[in-house]
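Nothing fancy with the numbering, it's 1 onward along the sequence. Predicted model, so just to flag it, every value in this text is computed and none were measured.
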Amino acid sequence: MQTHPAAGGITARTNVDIAIGILVGSHGCVPEEAFTGLTEHARIHSISLAETTRALTAVARSTPTHSHVSASAMVHARDRWGRFPVARGSAAPAAAREAA
């Protein structure tokens with residue numbers, strides 16, 4: 001199993017599992033649908049599944065584009081899966097409620 005040094009030695013399989021979890025939690029799909037979406041996205045954009053999962057994870061974590069993921073993979077991940085909600089416990093949701 002390959003590891004990516006900039007990702008803290010996380011294996012490609014772990015990245016896939018994390019990405020599946022992100023999609024299940026944020027988009028309400030089942031793991032099989034999430035995996036199919038990831039593989040189709042990778043194929044359509046000629047990006048490896050490993051790069052696709054790293055990009056999705058980086059987008060979900062709001063990691064800067066200069067991180068260990070290519071800029072094009074990040075753009076494609078944002079285009080496909082959109083922005084993710086702000087993490088619980090941050091001030092942004094309270095500010096949004098107050099503005100409403």
Next item on the list: Spell out, yes or no, whether I20 and L56 are grouped together once hydrophobic residues are joined by side-chain heavy atoms under 4.5 Å, including indirect joins.
Entry: yes
Next item on the list: Calculate, to the nearest 0.5 Å, the distance between atoms CE and CZ belonging to M74 and R54 respectively.
Entry: 11.5 Å
Checklist line | Contacts of type side chain to side chain contact (heavy atoms under 4.5 Å, CB included), residue A42, not counting sequence neighbours | finding: T52
Check: For T53 and I18, what are the C-alpha separation, side-chain angles and deciding distance, and is it a side chain to side chain contact (heavy atoms under 4.5 Å, CB included)?
Finding: CA-CA 8 Å; T53 59; I18 291 168; over 6 Å; no
Checklist line | Which residues share a side chain to side chain contact (heavy atoms under 4.5 Å, CB included) with V75, sequence neighbours left out | finding: D79
Notebook entry, point to check: Can you name the nearest heavy-atom pair linking E51 to S70, along with the distance?
Noted result: OE2-N, 2.8 Å
Notebook entry, point to check: What residue pairs, at least two apart or across chains, pass side chain to side chain donor-acceptor pair (under 3.5 Å) with a residue in residues 37-48?
Noted result: H45-H76
Next item on the list: For residues V24 and A34, report the shortest heavy-atom separation together with the two atoms involved.
Entry: CG2-CB, 4.4 Å
Checklist line | Residue pairs, two or more places apart or on separate chains, that pass salt bridge (charged side-chain N to carboxylate O under 4.0 Å, His left out) and touch residues 14-36 | finding: R13-D17
Check: In Å, rounded to the nearest 0.5 Å, how long is the span from OG1 of T36 to CG of L23?
Finding: 11.0 Å
Next item on the list: Establish whether W81 and I47 are linked, either directly or via other cluster members, by ILVMFWY side-chain heavy-atom contacts under 4.5 Å.
Entry: no
